[in-house]
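Heads up: the structure comes next, in structure tokens.
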Amino acid sequence: VQLQASGGGYMQAGGSLTLSCAASERTFSTYTVGWFRQAPGKEREFVAAVRWSGGSTYYADYTDSVKGRFTIFRDNAKNTVYLRMNSLMPEDTAVYYCAAGTVRTTTPTAANYDYWGQGTLVTVSS
């Protein structure tokens, strides 16, 4: 499965962006999909995940958490998963990656994902 992440860009704090992760195969609809991000000089971290059915989602819960500001959802008919990001903060600046795996749960563990997109850069200014 090839994944294409897009939608990144430059945004002022408080603004919104929606990232897209498009897959090359229809079997994508059976995969759990996650979004991760990596800020300059930092480790990659989990952001959110959605099960294949779209009925179960899981968000990272850490300081300045994305929970409550970000929403992950999918459109299996379009082989695409989205990450809607509201109330952006400078701390959200990072390269955002989408990943897909056959794991049947919404896992925050990167090793559980088999396929990765190339990343899309999000820059949030204060």
Side-chain angles (χ1 to χ4, degrees):
V1 177
Q2 292 184 332
L3 305 177
Q4 179 72 40
S6 61
Y10 181 89
M11 180 60 63
Q12 288 189 327
S16 299
L17 281 174
T18 298
L19 306 183
S20 300
C21 177
S24 59
E25 299 180 10
R26 293 187 62 81
T27 53
F28 181 67
S29 64
T30 65
Y31 286 60
T32 289
V33 176
W35 283 97
F36 293 77
R37 67 185 182 184
Q38 187 166 19
K42 294 187 177 181
E43 297 288 321
R44 181 176 55 189
E45 64 182 9
F46 170 76
V47 176
V50 60
R51 282 192 64 191
W52 64 272
S53 65
S56 176
T57 57
Y58 179 63
Y59 295 90
D61 187 11
Y62 43 71
T63 303
D64 295 330
S65 177
V66 303
K67 193 172 185 178
R69 299 189 296 121
F70 291 8
T71 302
I72 187 171
F73 58 101
R74 67 193 301 163
D75 185 342
N76 285 338
K78 296 183 178 179
N79 288 347
T80 303
V81 171
Y82 303 91
L83 184 69
R84 175 67 176 176
M85 307 185 295
N86 295 327
S87 302
L88 284 164
M89 303 185 297
E91 293 78 10
D92 296 318
T93 294
V95 177
Y96 284 72
Y97 300 89
C98 62
T102 57
V103 61
R104 305 308 285 178
T105 61
T106 50
T107 172
T109 304
N112 287 335
Y113 293 87
D114 305 301
Y115 307 99
W116 291 80
Q118 85 291 356
T120 185
L121 176 63
V122 173
T123 303
V124 184
S125 65
S126 57

Query - Partners passing side chain to side chain contact (heavy atoms under 4.5 Å, CB included) against Ala22 (at least two apart in sequence or in another chain) - result: Thr80
Report summary line: Minimal heavy-atom distance between Thr102 and Asp114, with the atoms involved, is N-OD2, 3.4 Å
Query raised in the report: Closest approach of Thr30 and Thr27, non-hydrogen atoms and distance?
Result: OG1-O, 2.6 Å
**Report entry** Set of ring pair (Phe, Tyr, Trp, His ring centres under 6.0 Å) partners for Trp116, sequence neighbours left out
**Finding:** Phe36
Query raised in the report: Which atom names give the shortest non-hydrogen contact between Gly119 and Val95, and what distance separates them?
Result: CA-CG1, 3.8 Å
Query raised in the report: With sequence neighbours excluded, what pairs up with Glu45 under the side chain to side chain contact (heavy atoms under 4.5 Å, CB included) test?
Result: Arg37, Tyr62
Report task. Using side-chain hydrogen bond (donor to acceptor under 3.5 Å, both in side chains) as the criterion, list what pairs up with Ser16, not counting sequence neighbours. Result -> Asn86
Report summary line: The complete set of salt bridge (Lys or Arg N to Asp or Glu O under 4.0 Å) pairs with one or both residues in residues 74-90, sequence neighbours excluded, reads none
Query - Partners meeting ring pair (Phe, Tyr, Trp, His ring centres under 6.0 Å) with Phe70 (sequence neighbours left out) - result: none
Report task. Applying ring pair (Phe, Tyr, Trp, His ring centres under 6.0 Å), name anything that partners Tyr97, two or more places apart in sequence or on another chain. Result -> none
Requested in this report: List in chain and number order the residues that pass ring pair (Phe, Tyr, Trp, His ring centres under 6.0 Å) with Phe73, two or more places apart in sequence or in another chain; answer none if no residue qualifies.
Outcome: Tyr82
Query - Single-linkage hydrophobic cluster Leu88~Val47, side-chain heavy atoms < 4.5 angstrom - result: yes
**Report entry** Side-chain heavy atoms of Asp92 within contact of Met85, under 4.5 Å
**Finding:** no
**Report entry** CG on Leu121 to CD on Gln38, rounded to 0.5 Å
**Finding:** 12.0 Å
Query raised in the report: Are Trp35 and Leu17 linked, directly or through other ILVMFWY residues, by side chains that come within less than 4.5 angstrom of each other?
Result: yes
Query - Residue pairs, two or more places apart or on separate chains, that pass ring-ring contact (aromatic ring centres under 6.0 Å, His included) and touch residues 2-34 - result: Tyr31-Tyr115
Query - Heavy-atom pair of closest approach, residues Val33 and Tyr113 - result: C-CE2, 4.0 Å
Query raised in the report: Considering all heavy atoms of both residues, which atom of Ser126 and which atom of Ala13 are nearest to each other, and what is their separation?
Result: CA-CB, 4.3 Å
Query raised in the report: Can you name the side chain to side chain contact (heavy atoms under 4.5 Å, CB included) partners of Ala48, sequence neighbours left out?
Result: Tyr59, Ile72, Leu83
Query raised in the report: Any side-chain heavy atom of Thr107 within less than 4.5 Å of one from Tyr58?
Result: no
Query raised in the report: Any donor-acceptor pair under 3.5 Å linking the side chain of Gln118 with the backbone of Ala5?
Result: yes
Query - salt bridge (charged side-chain N to carboxylate O under 4.0 Å, His left out) against Glu25, all qualifying residues, sequence neighbours excluded - result: none
Report summary line: Closest non-hydrogen atoms of Arg51 and Arg104, given as atom of the first, atom of the second and distance, are NE-O, 3.0 Å
Query - Contacts of type side chain to side chain contact (heavy atoms under 4.5 Å, CB included), residue Ser29, not counting sequence neighbours - result: Asn76
Query raised in the report: Just by distance, do the side chain of Thr93 and the backbone of Val124 share a donor-acceptor pair under 3.5 Å?
Result: yes
